[in-house]
Protein chains: 2
Amino acid sequence: MTLYNEYDRLLVAVDCIIFGFHGDQLKLLLIKRDFEPEKGKWSLMGGFAKKSESLDDAASRILMSLTGLQEVFLEQLYCFNQVDRDPVERTISVTYYSLINIEDHDEELSKQHDASWFDLGEMPDLIFDHNEIVDRAHQRLKYKAEHYPVGFELLPPKFTMPELQSLYEAIFETEMDKRNFIKRIDSLGILVKLNEKKRTTGKKGAFLYQFDEDKYKQQMKTGNKFQIKP
Amino acid sequence: MTLYNEYDRLLVAVDCIIFGFHGDQLKLLLIKRDFEPEKGKWSLMGGFAKKSESLDDAASRILMSLTGLQEVFLEQLYCFNQVDRDPVERTISVTYYSLINIEDHDEELSKQHDASWFDLGEMPDLIFDHNEIVDRAHQRLKYKAEHYPVGFELLPPKFTMPELQSLYEAIFETEMDKRNFIKRIDSLGILVKLNEKKRTTGKKGAFLYQFDEDKYKQQMKTGNKFQIKP
DNA sequence: GCAAAAGTGTTATTGCTACACCCATGC
DNA sequence: GCATGGGTGTAGCAATAACACTTTTGC
């Protein structure tokens, strides 16, 4: 079939916003771009879509190539489509944001790409419209973390309540009362409290918790809704 | 410059989900497709992106060509990207949803496209993945209408409380208590009550209201948040 | 023994839900 | 005069927000 012949074909970039969390700070993994244009500037990790591959798969591939991670949280964010956003050629960018446990990523790989982590509040100027993309990703993360249990993706499997709280404080850019926070989390009925303490922070040590996927599904079935208010 | 030479270019479709509201029902404007493949089947209105045009502009153009409307609510929904979603050629579809006052659209134009309005609950089978697209659009509309004053886009400039309520009931697929509904709307402080009644429905007639953009902005400035709970 | 972070309950207020009767008018 | 849809208030309950002291232990 040779229908659709008269129409334009476009370059489709796939760019990834990679969130991590460490030491009370939301962080983003950025690369030093190693090709023209804008070689040497900071940028989101990206690549181009292939004809034989879905964009979802392309995003996975690109994320994998920088972090070594697969099967992590990865969701389409938005298609940025201004005509002149890339000076070389008309390119649209379909963006995906990812939430990873910062300890899991492959440091060797990220070194190869001249990548490094930046606090969300202290980002350099990025190429093209990437700063705008990051803003939108943060907005989406705020929404998503409020209504779905995605925060845990940014933490190790075992984490403490103070860690969880400071994660949400970083995402929402607010401060919260710790008693109210714990009450809210507790009432969700989706965590398991372990009989272990993490002793690295503080001197008393804090109990470790785990997110329990099954408990979460159970809660949703019974009509309860996940929600953490900012 | 001839960078980026090695990469694939893709067909980019732009499809529009056009919502309307009439007689207690959320409705969608669909067209009978007049070209192959799937000629004669029901479909969303769409077109292909041009190299020299942003996708936002393409969506406006496509919406305009079917409804005659410009400057109406139009927002990007999602990029559907499965490799085999269009059997002819690899095509990604960047979708936009629109909210229009059903009385405003140009019936001549829509006749030319063999378009007609369907209740959201009584949709025919659509081509490709368009049913899935509609589902996602409805999900988005639920979210958007809950948190932003977009419902008014679906109504005439002057509307009654019972009309507004049944709009929200249609969007959220729930029933609401009319006293609580009015209380909530009133407390937002964004409507102007007019000294006119609409007498077509019922025998008593219902007071007309108008949405006041300035009042809305004022309310948001003072920290109030728009929210209509389902 | 003291500094640093973890853990723990109660109260006041606010917001939300549930609920039933009268009103105005067209026929 | 009666049928139809429009309009109105309150009370009980649940969720939320505000708030301060004690505990543990590494140094």
Side-chain angles (χ1 to χ4, degrees), chain A residues 21-25 146-147 155-156 158-170 172-210 219 222-230, chain B residues 22-25 146-147 155-156 158-170 172 174-210 219 222-230:
Chain A
F21 177 72
H22 187 74
D24 296 3
Q25 290 293 324
E146 184 175 341
H147 299 282
L155 294 173
K158 300 177 180 182
F159 50 85
T160 68
M161 277 290 170
E163 283 168 352
L164 187 63
Q165 181 176 348
S166 69
L167 169 65
Y168 278 103
E169 289 178 338
F172 296 140
E173 298 174 297
T174 51
E175 301 207 338
M176 299 171 170
D177 178 90
K178 61 181 170 178
R179 282 167 292 189
N180 294 339
F181 180 79
I182 290 171
K183 244 181 293 175
R184 208 175 278 157
I185 298 287
D186 264 358
S187 74
L188 296 171
I190 59 176
L191 294 191
V192 180
K193 185 175 186 171
L194 304 176
N195 257 333
E196 303 170 60
K197 282 194 163 187
K198 180 172 182 177
R199 305 213 160 268
T200 47
T201 66
K203 284 143 196 177
K204 185 178 179 181
F207 279 103
L208 287 162
Y209 291 80
Q210 269 181 315
Q219 289 292 334
T222 60
N224 294 340
K225 280 178 188 163
F226 181 93
Q227 184 154 11
I228 306 290
K229 299 233 178 95
Chain B
H22 187 73
D24 296 4
Q25 289 292 326
E146 185 175 341
H147 299 281
L155 294 173
K158 300 177 180 183
F159 50 85
T160 68
M161 278 290 171
E163 283 167 351
L164 188 62
Q165 181 176 348
S166 69
L167 169 65
Y168 278 103
E169 289 178 338
F172 296 141
T174 50
E175 301 207 339
M176 299 171 171
D177 177 89
K178 62 179 168 177
R179 282 168 293 190
N180 294 340
F181 180 78
I182 289 170
K183 242 181 297 175
R184 208 175 278 157
I185 297 288
D186 264 357
S187 74
L188 296 172
I190 59 175
L191 294 191
V192 181
K193 186 175 187 172
L194 304 176
N195 258 332
E196 303 171 62
K197 283 193 163 188
K198 179 171 183 178
R199 304 212 161 267
T200 46
T201 67
K203 284 144 196 173
K204 185 179 179 181
F207 279 102
L208 287 163
Y209 291 80
Q210 268 181 316
Q219 289 293 333
T222 60
N224 294 340
K225 281 180 187 161
F226 181 93
Q227 184 154 11
I228 306 290
K229 299 231 177 97

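Every chain is numbered from 1, with letters handed out A, B, ... down the list of sequences.
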Within this structure, what is the [atom1]-[atom2] distance for the pair [X] and [Y], rounded to the nearest 0.5 Å?
{"X": "Q210(B)", "Y": "L194(B)", "atom1": "CD", "atom2": "CG", "value": "5.0 Å"}
{"X": "L155(A)", "Y": "F21(A)", "atom1": "CG", "atom2": "CZ", "value": "6.5 Å"}
{"X": "I228(A)", "Y": "L167(A)", "atom1": "CD1", "atom2": "CG", "value": "10.0 Å"}

Rounded to the Å, how far apart are [X] [atom1] and [N] [atom2]?
{"X": "F181(A)", "N": "dA18(D)", "atom1": "CZ", "atom2": "P", "answer": "16 Å"}
{"X": "R199(B)", "N": "dG7(D)", "atom1": "CZ", "atom2": "P", "answer": "10 Å"}
{"X": "F207(B)", "N": "dG5(D)", "atom1": "CZ", "atom2": "P", "answer": "19 Å"}
{"X": "I182(B)", "N": "dG5(D)", "atom1": "CD1", "atom2": "P", "answer": "16 Å"}

Study note, to complete from the structure: For Q227(B), the side-chain hydrogen bond (donor to acceptor under 3.5 Å, both in side chains) test, sequence neighbours excluded, returns E146(B)
Practice item. Identify, between D177(A) and G202(A), the residue whose nearest nucleotide on DNA chain C lies closer to the 5' end. Key: G202(A)
Review point. Does any donor-acceptor pair link the side chain of K204(A) with the base of dG26(D) at a separation under 3.5 Å?
Key: no
Review point. NA contact type, K178(B), heavy-atom cut-off 4.0 Å: base, sugar-phosphate, or nothing?
Key: base
Quick one: list whatever passes ring-ring contact (aromatic ring centres under 6.0 Å, His included) with [X], sequence neighbours left out.
{"X": "Y209(A)", "result": "none"}
{"X": "F172(A)", "result": "Y168(A)"}
{"X": "H147(A)", "result": "Y143(A)"}

Exercise for review: Return the set of residues passing salt bridge (charged side-chain N to carboxylate O under 4.0 Å, His left out) with E169(B) (not counting sequence neighbours), or none when no residue passes.
Suggested key: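 Residues passing salt bridge (charged side-chain N to carboxylate O under 4.0 Å, His left out) with E169(B): none at all.
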Review point. Who pairs with E163(B) by salt bridge (charged side-chain N to carboxylate O under 4.0 Å, His left out), at least two apart in sequence or on another chain?
Key: K198(B)
Review point. What are the residues of residues 158-165 of chain B, sorted by number, that bring a heavy atom to within less than 4.0 Å of DNA chain C?
Key: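 Nothing qualifies; none.
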Review point. Going by heavy atoms closer than 4.0 Å, what residues in residues 183-198 of chain B are next to DNA chain C?
Key: K183(B), R184(B)
Using atom names, set out every protein N or O paired with an N or O of nucleotides 1-3 of chain D below 3.5 Å, distance rounded to 0.1 Å.
none

Study note, to complete from the structure: Heavy-atom nearest pair, P230(B) first then T174(B), reads C-OG1, 4.0 Å
Check your understanding: Hey, mind stepping through T160(B) and F207(B) against side-chain contact (heavy atoms from CB on, under 4.5 Å) and telling me if it holds?
Key -> CA-CA 6 Å; T160(B) 68; F207(B) 279 102; over 6 Å; no
Considering only distance and modelled atom types, tabulate donor-acceptor pairs under 3.5 Å from the side chains of residues 176-187 of chain B, sequence neighbours left out.
{"from": "D177(B)", "atom 1": "OD2", "to": "R179(B)", "atom 2": "N", "distance (Å)": "3.0"}
{"from": "D177(B)", "atom 1": "OD2", "to": "N180(B)", "atom 2": "N", "distance (Å)": "2.9"}
{"from": "N180(B)", "atom 1": "OD1", "to": "K183(B)", "atom 2": "NZ", "distance (Å)": "3.2"}
{"from": "R184(B)", "atom 1": "NH1", "to": "K229(B)", "atom 2": "O", "distance (Å)": "3.1"}
{"from": "S187(B)", "atom 1": "OG", "to": "R184(B)", "atom 2": "O", "distance (Å)": "2.8"}

Review point. Can you pull the contact range of chain B along DNA chain C, 5' to 3', using atoms under 4.0 angstrom from its heavy atoms?
Key: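 In short, chain B contacts DNA chain C from dC16(C) to dG26(C).
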Point to revise | Residue mapping more 5' on DNA chain D - nearest nucleotide basis, N180(A) or T201(B) | key: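 Closest to the 5' end, via its nearest nucleotide, is T201(B).
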Review point. Of R179(B) and G205(B), whose closest DNA chain D nucleotide lies nearer the 5' terminus?
Key: G205(B)
**Study point:** Pairs satisfying salt bridge (Lys or Arg N to Asp or Glu O under 4.0 Å), at least one member in residues 187-197 of chain B, at least two apart
**Key:**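 The answer is K158(B)-E196(B).
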